[in-house]
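Atom set for the values below is all heavy atoms of this structure, side chains included, hydrogens, waters and symmetry mates excluded.
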Amino acid sequence: MTSRDELMMRKALAEAEKAYAENEVPIGAVVVRNNEIVGRGYNRREYGKNALYHAELTAINEACKKLGGWRLWECELYVTLEPCPMCAGAIINSRIKRVVYGCEDIKAGSVRSVVSLFELPYNHKPEAVGGVLAEDCSSLLSRFFRELRIKNKNSVSDQKIHKSYGFS
């Protein structure tokens with residue numbers, strides 16, 4: 001972990017704060033090439049009513065558009081929560097060279113926690129670094145779910161969201 005990793009994770013945390021402000025699960029991501037952010041994203045699944053609106057996918061999509069191609073082999077992805085299987089697959093397929101994530105996702109993490117997709121015999125194996133500003137990332141998620149429980153004590157759908165991420 002470098003000070004640059006911490007700086008870029010803070011940028012991803014700023015994206016997560018946008019999700020938090022919109023009452024979305026606060027996950028944020030940035031794609032970086034040569035120290036320049038070329039893609040940003042934050043979780044918007046509830047807003048868009050779409051399972052594909054993950055922070056990583058949004059950031060990757062924006063980076064592909066900005067750079068004019070789908071191969072992001074010169075890029076790094078910074079994300080506040082360990083990527084799920086869908087996002088890990090997108091990372092592999094977009095050829096991102098390095099992934100830096102904040103906290104682990106014990107329910108769906110597919111870099112190290114549940115499964116290590118980057119270690120399987122795919123045609124591309126991104127480097128992975130976990131635990132960068134993990135406490136800050138985890139704290140934001142925990143605060144979101146704690147406030148959600150207080151606001152919606154009797155809402156079954158909100159309890160399902162909380163349980164699916166494994167944060168208290």
Show me the donor-acceptor pairs, under 3.5 Å and distance only, between side chains in residues 56-72 and residues at least two apart or in other chains.
unit_1, atom_1, unit_2, atom_2, d
Thr58, OG1, His54, O, 3.1
Glu62, OE2, Arg40, N, 3.2
Lys66, NZ, Glu36, OE2, 3.1

Note: Val32 and Met8 closest approach over all heavy atoms is CG2-SD, 3.8 Å

Is the shortest side-chain heavy-atom distance between Ile27 and Leu141 below 4.5 Å? yes

Stepwise side-chain contact (heavy atoms from CB on, under 4.5 Å) check, Arg45 with Asn50: CA-CA 5 Å; Arg45 292 189 305 171; Asn50 191 319; over 6 Å; no

Quick one: list whatever passes side-chain contact (heavy atoms from CB on, under 4.5 Å) with Glu74, sequence neighbours left out. Arg33

Test item: Lys49 side-chain N/O and Glu46 main-chain N/O as donor-acceptor pair under 3.5 Å: yes

For residues Asn43 and Ala55, report the shortest heavy-atom separation together with the two atoms involved. N-CB, 3.8 Å

Beyond-backbone contact of Val114 with Lys107, side-chain heavy atoms, under 4.5 angstrom: no

Is any side-chain heavy atom of Leu13 less than 4.5 Å from a side-chain heavy atom of Leu133? yes

State whether the side chain of Glu82 and the backbone N or O of Gly102 hold a donor-acceptor pair below 3.5 Å, judged by distance alone. no

Flag side-chain contact, heavy atom, 4.5 Å: Glu17 against Tyr42: no

Suppose we screen for salt bridge (Lys or Arg N to Asp or Glu O under 4.0 Å). Which residues come up paired with Arg10, at least two apart in sequence or across chains? Asp136

Which heavy atom of Pro26 sits nearest a heavy atom of Ala16, and at what distance? CB-O, 3.4 Å

Cluster link Leu52 to Val79, ILVMFWY, side chain under 4.5 Å: no

Please give me the minimum heavy-atom distance between Ala128 and Phe118, naming the atom from each residue. CB-CD1, 4.0 Å

Are any of the side-chain heavy atoms of Pro85 and Leu117 separated by less than 4.5 Å? yes

Which pair of heavy atoms, one from Pro126 and one from Ile96, lies closest together, and at what distance? CB-O, 3.4 Å

Is any side-chain heavy atom of Val99 closer than 4.5 Å to a side-chain heavy atom of Tyr78? no

Side chain to side chain donor-acceptor pair (under 3.5 Å) against Ser116, all qualifying residues, sequence neighbours excluded: none

Rounded distance (nearest 0.5 Å) linking atom SG of Cys87 with atom CG of Asp105: 10.5 Å

dist Ile91:CD1 -> Met86:CE (nearest 0.5 Å) comes out at 10.5 Å

Under a 4.0 Å N-O cut-off, is there an ion pair linking Lys11 with Glu6? no

Would you please test Asn35 and Arg4 for side-chain hydrogen bond (donor to acceptor under 3.5 Å, both in side chains) and show each step? CA-CA 9 Å; Asn35 294 319; Arg4 185 166 110 24; 2.7 Å; yes

Could you see if Ile92 belongs to whatever hydrophobic cluster contains Val115? Use Ile, Leu, Val, Met, Phe, Trp, Tyr and a side-chain cutoff under 4.5 Å. yes

Tell me whether Arg98 is salt-bridged to Asp5, with the criterion being a basic N under 4.0 Å from an acidic carboxylate O. yes

State whether the side chain of Lys125 and the backbone N or O of Leu120 hold a donor-acceptor pair below 3.5 Å, judged by distance alone. yes

Check step by step if side-chain contact (heavy atoms from CB on, under 4.5 Å) holds for Phe145 and Val25. CA-CA 8 Å; Phe145 288 118; Val25 176; 4.0 Å; yes

Are Phe144 and Tyr53 connected in the hydrophobic side-chain network, where two residues link if heavy atoms are under 4.5 Å apart? no

Counting distance only, does the side-chain N/O of Ser110 pair as donor-acceptor with the main-chain N or O of Ala108 below 3.5 Å? yes

Would Leu81 and Tyr101 count as a side-chain contact (heavy atoms from CB on, under 4.5 Å) here? Give the steps. CA-CA 6 Å; Leu81 182 67; Tyr101 63 91; over 6 Å; no

Using every non-hydrogen atom in the two residues, find where Cys137 and Val132 come nearest and quote the distance to one decimal. SG-O, 4.2 Å

Can a donor-acceptor pair be found, under 3.5 Å and without considering hydrogens, that links the side chain of Ser138 to the backbone of Ala134? no

Rounded to the nearest 0.5 Å, how far does CZ of Arg95 lie from SG of Cys75? 13.5 Å

Salt bridge present between Glu22 and Arg44 (N-O < 4.0 angstrom): yes

With sequence neighbours left out, write down each residue that passes salt bridge (Lys or Arg N to Asp or Glu O under 4.0 Å) with Glu147, or none if nothing qualifies. none

Residues that Glu119 engages under side chain to side chain donor-acceptor pair (under 3.5 Å), provided they are two or more places apart: none

Contact check, side chains of Met9 and Thr80, non-hydrogen atoms, under 4.5 Å: yes

